[in-house]
Asker: 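Below you'll find the structure I mean.
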Amino acid sequence: MGMPSVLVLNGPNLNLLGTREPAIYGVETLDDVARLCREAAGRLGLEIDFRQSNAEHQLIDWLHEARTRVDGIVINPAAYTHTSVAIADALAAIAKPVIEVHISNVHKREAFRHHSFVSPVAQAIIVGCGTQGYALALEHMATLLAKEVAK
Ligand code: DQA
């Protein structure tokens with residue numbers, strides 16, 4: 001049996017991390033986040049596939065592929081969190097644990113960021129921990145997947 005595999009999926013505008021509203025999202029780039037995730041995954045014994053797209057259909061296609069290919073999903077759906085029934089439906093179609101991550105504390109921000117279509121289909125949500133939230137999500141994912149193996 002190989003290592004459990006986790007898809008780490010990033011939504012629109014997250015390719016601009018580091019230069020985009022640094023007071024809110026910090027100065028780390030998406031490459032830095034990918035590195036942080038790879039380090040966490042190495043420590044936790046997970047294999048990760050780290051991806052970003054600005055296109056809703058691309059995120060959905062990757063989620064469809066992930067249905068049979070991965071053991072869990074960590075997703076920062078970015079603005080699609082607040083708008084996309086389609087991404088929520090794609091996540092609901094996957095019988096694997098989903099952890100939703102937001103770098104900023106969305107509840108401290110505009111009211112339109114307070115609602116998430118994704119949260120009802122997520123096993124856990126990590127908000128406002130900065131990019132460290134990704135490492136925390138992978139840590140919790142490793143715990144969930146270890147429990148599944150033990151079943
Ligand atoms: C975000 C929060 C969203 O409201 C926003 O649209 C993003 C990033 C976050 O990580 O804090 O693009 O998901």
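The chain is numbered in sequence order, starting from 1. Counting starts at 1 for both ligands and their atoms, following the listed order. Quick caveat: nothing in here was measured; it's all calculated off a predicted structure.
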Asker: Using only heavy-atom distances, determine whether the side chains of Arg109 and Ser104 contain a donor-acceptor pair under 3.5 Å.
Answerer: yes
Asker: Are a donor atom and an acceptor atom from the side chains of Glu56 and Asn54 found within less than 3.5 Å of each other?
Answerer: no
Asker: Would you mind reporting whether Glu100 and Ile126 have side-chain heavy atoms less than 4.5 Å apart?
Answerer: no
Asker: Can you name the residues that come within less than 4.0 Å of ligand 1, going by heavy atoms only?
Answerer: Arg20, Tyr25, Asn76, Ala78, Ala79, His82, His102, Ile103, Ser104, Val106, Arg113
Asker: Given side-chain contact (heavy atoms from CB on, under 4.5 Å), test Asn76 with Leu14 step by step and report yes or no.
Answerer: CA-CA 9 Å; Asn76 182 347; Leu14 291 170; 3.6 Å; yes
Asker: State, yes or no, whether a side-chain contact exists between Asp31 and Leu17 at a heavy-atom distance under 4.5 Å.
Answerer: no
Asker: Measure up the Phe50 and Tyr134 rings against each other and bin them: parallel (under 30°), tilted (30 to 60°), perpendicular (over 60°).
Answerer: tilted
